[in-house]
Amino acid sequence: MSQFIIDIKDKTFPQRNDQEAFTAIQNLRFDIENHQFVCLVGPSGCGKTTLLNLIAGLDSEFNGLIRNSNKGVTIKSSYVFQTPRLLPWRTVLDNIQLAMGENSSPTSVIESLLESLGLKNCLYKFPQQLSLGMQRRVALARAFSVPSDLLLMDEPFVSLDQTTARKARKLLLRLWSEQARKVIFVTHDLNEAFELADRILFLSESPSHIIADIPIDMPQLDRSAVDIKKLKERASIDHPSIHSLL
Amino acid sequence: MFNIKPSQRSGFNLVLSLGLLLVIWQLSASYVNSSVLPSPTAVLLQLILSIKSGDLPYHLGITLSRLIVSFLLAMLFGIAIGLLLGRHKKTDDFFDSWLIILLNIPALVTIVMCYVWFGLVESAAILAVVVNKLPNVIVTIREGAKNLDEELLQMAKTYRFGRFKTLQHVVLPQLYPYIMASARTGLALIWKIVLVVELLGRSNGMGYQIHLFFQLFDITSILAYTVSFIVLIQLIEISILKPLDKRSRQWKVN
């Protein structure tokens with residue numbers, strides 16, 4: 001099993017016009033192995049999205065390294081952004097196939113994936129013909145269709161109503177159990193984190209670093225609302241440093 | 001009371017307004033009653049005559065081919081340069097003054113200079129037209145390139161679209177309105193410049209013919225040629241630009 005090492009010594013945004021230079025991340029280090037589902041939790045503005053962009057390779061201006069433990073093997077990641085980010089001028093099918101690239105799976109495979117996400121007869125629709133919740137599910141389907149070792153998710157269910165968000169989380173867990181891979185999931189919703197994660201990393205205010213690393217052993221699908229509450233309580237007793245976030 | 005579709009109504013309005021224009025033209029022509037303002041019927045007869053003799057189709061064809069070649073060249077280079085300047089701020093800052101100079105050189109000066117430097121040849125004529133249109137395309141496309149959606153570009157990067165796929169599926173669809181705008185203004189501007197280019201240094205095409213008619217004081221023929229060209233440009237608009245527009249908008253709800 002491969003292991004990914006994320007070790008960021010320093011990520012600073014340079015001074016620009018009237019804004020002063022800003023250090024977003026400092027000495028943030030963690031490994032992620034097997035098919036771990038990691039949730040990142042932290043106060044807003046602490047650099048969670050910045051961190052995901054670094055890992056995704058969208059921003060390469062930082063000190064430190066992000067790499068596969070097998071040297072020379074690159075990390076292939078797919079990314080579910082805060083907004084769906086679908087191409088409005090391409091159909092749902094085109095959006096997914098474009099992301100998959102040359103070795104795109106046949107239409108029928110994509111269709112059955114979409115159907116399992118409750119998106120029947122959407123293949124040839126344009127994103128604007130779908131609701132926001134449906135667009136997010138298309139984005140999820142896109143991320144899972146692309147062969148990747150690491151799935152990055154940046155508050156993908158924010159601004160969905162509670163019921164839809166709960167359904168989406170269940171779908172995510174099902175997809176993840178079917179097509180296991182490493183996941184880094186950013187959220188500010190602790191219940192969401194305790195529902196989904198194998199391991200929760202708590203980040204400090206910026207310049208952010210890890211203040212607590214809490215593993216959760218109970219399988220996700222077995223967790224009830226009561227379990228989640230208990231897990232939260234235990235975490236707050238074991239790690240007083242995260243008290244302000246709970 | 002009347003069940004008229006909006007498209008029918010706009011067609012009806014068009015006929016009405018063009019008809020009014022014709023009536024005004026006819027009335028003033030009969031009022032002035034002089035060879036400097038021929039009546040619409042006289043122009044129409046002359047138009048038919050020129051088409052039958054083969055003169056008009058020949059010169060119109062020549063002008064049209066010059067228009068198409070210089071239009072395509074100006075659009076191609078304009079889009080490429082506009083995209084480059086819109087995406088690279090430093091390059092843009094550096095070359096901005098060049099663009100302002102280009103924009104402000106009178107069309108006549110470019111044409112004369114091209115003929116002086118390269119001789120009275122076809123390529124000089126085309127170059128003169130392209131140089132006149134190019135800065136307009138660049139400025140419009142640059143504006144579009146500055147407004148590209150960064151989030152979609154990031155998406156394309158994470159999903160490893162590559163240069164060509166990003167251009168085709170992410171960048172060009174966003175530039176489309178800007179491309180159409182510069183195509184429309186371009187068509188109108190270019191054919192006017194082509195005529196001047198032909199007048200100054202070519203021995204065929206509409207510009208040359210109009211120059212000839214001017215010396216013969218044949219106003220009827222000048223108007224006949226003008227009408228034929230306006231009709232042609234309208235046909236291009238209806239048969240090429242409008243359908244392209246419609247196709248590119250199909251993803252928009254409503």
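We name chains A, B, ... by the order of the sequence lines, and we start the count at 1 in each one.
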Residue [X] versus chain B: region with a heavy atom under 4.5 Å:
| X | result |
| --- | --- |
| A:R90 | side chain |
| A:K125 | neither |
| A:N53 | side chain |
| A:T83 | side chain |

Max heavy-atom pair count under 4.5 Å with chain B, selected residue of A:D94, A:T91, A:L98, A:L87
A:L98
What residue, out of A:P88, A:S78, A:S77, A:G57, has the most heavy-atom pairs lying under 4.5 Å from chain B?
A:P88
Above 12 or not: heavy atoms from other molecules or residues under 6.0 Å from [atom1] of [X]?
| X | atom1 | result |
| --- | --- | --- |
| B:K165 | NZ | yes |
| A:F22 | CZ | yes |
| B:F77 | CZ | no |
| B:K146 | NZ | yes |
| A:E178 | CD | yes |

Run the numbers on B:W251 and A:Q129 for side chain to side chain contact (heavy atoms under 4.5 Å, CB included), then give the verdict.
CA-CA 9 Å; B:W251 56 272; A:Q129 294 170 306; over 6 Å; no
Answer whether the closest heavy-atom distance between the side chains of B:D149 and A:R85 falls below 4.5 Å.
no
What is the minimum heavy-atom distance between A:L86 and B:L152, and which atoms define it?
O-CD2, 3.7 Å
Based on non-hydrogen pairs under 4.5 Å, which of B:Q154, B:K157, B:H169, B:R160 is most in contact with chain A?
B:H169
The reported gap from CZ in A:F81 to CE in B:M155 (rounded to nearest 0.5 angstrom) is 7.5 Å
B:Y159 side chain vs A:I96 backbone, donor-acceptor pair below 3.5 Å:
no
In terms of heavy-atom proximity below 4.5 Å to chain A, should B:R249 be classed as side chain, backbone, both, or neither?
neither
